[in-house]
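The structure appears right after this line, and notes come after that.
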Amino acid sequence: MNDAKPLAGKRIVVTRARHQAPPLEALIRDFGGRPVAYPCIAIVPPTDLRPLDNCLRRLGGFDWLLLTSGNTVRAIAERLPHLGIRLAEAPIRVAAAGAATAAEARRRLSLDIEHLPTEFGAGNLARSLPLGEPCRLLLPQSDLADAAMAEILRARGVDVTTVVAYRTVMGEGGADLPAMISRGEIDALTFTSPSAVAFFRRRCPLPEALQLLTACIGKSTSAAAREHGFQQLIRPDQPTISDMIAALADYCAPSSATS
């Protein structure tokens with residue numbers, strides 16, 4: 001990439017939840033772009049907090065706590081003061097699906113992460129986790145999480161307890177995106193989860209949106225965007241927001257072959 005700002009003047013839509021949007025918006029600005037807030041998801045507590053609270057109270061009964069997202073860390077961190085629990089003192093090993101989740105666990109929960117997969121992802125975590133016998137795992141998740149990770153772990157012969165730590169619902173507010181798209185004022189979209197893709201199409205069903213340049217953070221998000229009909233997909237080699245925006249910037253950069 002050359003030294004120019006490859007996203008200069010381009011309006012890039014950020015569909016992340018409000019509390020997660022600032023780092024992505026900052027990356028867009030670093031490349032000269034103009035972030036457009038359009039939160040398509042929001043993270044809210046479970047309808048019934050008792051199952052999560054009960055699991056947190058009996059952490060000593062599990063061998064591993066598996067953390068698959070920063071939202072899981074946030075949900076747990078918000079419950080602990082109500083329960084009078086210090087997670088750092090719990091006799092349990094902790095694994096995270098990626099470096100960002102691990103960093104959030106260290107920051108918000110003061111936890112030491114004992115295992116990270118060599119490649120980011122819940123499936124990679126499930127396949128690479130070192131297991132003993134017997135082994136009891138606690139897997140807090142979104143209400144929209146599929147059963148794939150738990151199925152991989154159970155196929156390895158371990159006892160997995162899944163619990164809803166938070167709900168993923170449709171976001172609201174932000175720019176009048178349908179009007180901006182209709183006026184040709186949007187250059188690209190960004191998605192960091194399959195649920196953001198699905199909720200975007202509910203919030204903004206314009207056919208023109210499907211023709212926009214669409215940056216997706218990883219395989220599952222890219223697959224969801226393809227299934228919903230988005231035509232111009234960009235996916236980075238590594239599923240991080242910095243790699244996603246760098247890939248978008250590379251795509252938009254003027255050709256270095258011109259002189």
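Just the heavy atoms: all of them, side chains too, but no hydrogens, waters or symmetry mates, feed the values below. Note that the structure is a prediction, hence the values are computed from the model and not measured.
- Between Phe230 and Leu212 the shortest side-chain heavy-atom distance does not fall below 4.5 Å.
- Thr192 has its side chain within reach of Ile241: a pair of non-hydrogen atoms, C-beta onward, lies under 4.5 Å apart.
- Looking at Ile186 and Lys10, their side chains never come closer than 4.5 Å, going by heavy atoms from C-beta outward.
- With hydrophobic clusters built from ILVMFWY side chains whose heavy atoms lie under 4.5 angstrom apart, Leu67 does not share a cluster with Leu125.
- For the pair Val14 and Val36, the minimum side-chain heavy-atom distance is 4.5 Å or more.
- In this structure, Tyr251 is not a member of the same hydrophobic cluster as Leu189, with clusters built from ILVMFWY side-chain heavy atoms closer than 4.5 Å.
- Hydrophobic clustering (side-chain heavy atoms under 4.5 Å, transitive across Ile, Leu, Val, Met, Phe, Trp, Tyr) keeps Leu49 apart from Val44.
- Ring pair Phe191/Phe200 is perpendicular by interplanar angle, where above 60° counts as perpendicular and below 30° as parallel.
- Considering only heavy atoms from C-beta on, Thr72 stays 4.5 Å or farther from Thr101 through its side chain.
- Between the side chains of Asn71 and His19, at least one donor-acceptor pair of N or O atoms lies under 3.5 Å.
- The side-chain heavy atoms of Pro45 and Arg167, taken from C-beta on, include no pair separated by under 4.5 Å.
- A salt bridge is defined here as a Lys NZ or Arg NE, NH1 or NH2 lying under 4.0 Å from an Asp or Glu carboxylate O, and Arg136 with Asp63 meets this definition.
- A salt bridge is absent between Arg154 and Glu151; no separation between the charged side-chain nitrogens and carboxylate oxygens falls under 4.0 Å.
- By the criterion of side-chain heavy atoms lying less than 4.5 angstrom apart, applied directly or through intervening Ile, Leu, Val, Met, Phe, Trp or Tyr residues, Ile12 is grouped together with Phe31 in one hydrophobic cluster.
- Residues Leu109 and Ile85 share a single hydrophobic cluster, defined by chaining ILVMFWY side chains whose heavy atoms lie under 4.5 Å apart.
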Audit row: Ser142, Thr168, side chain to side chain donor-acceptor pair (under 3.5 Å) steps and yes/no: CA-CA 6 Å; Ser142 163; Thr168 304; 3.0 Å; yes
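- Once rounded to the nearest 0.5 Å, the distance linking CE of Met180 with SG of Cys204 reads 11.0 Å.
- In this structure, Arg74 is not positioned above the aromatic face of Tyr166 in the sense of NZ or CZ being under 6.0 Å from the six-membered ring centre and within 45° of the axis.
- Between Asp53 and Leu83, the closest side-chain pair of non-hydrogen atoms falls below 4.5 Å.
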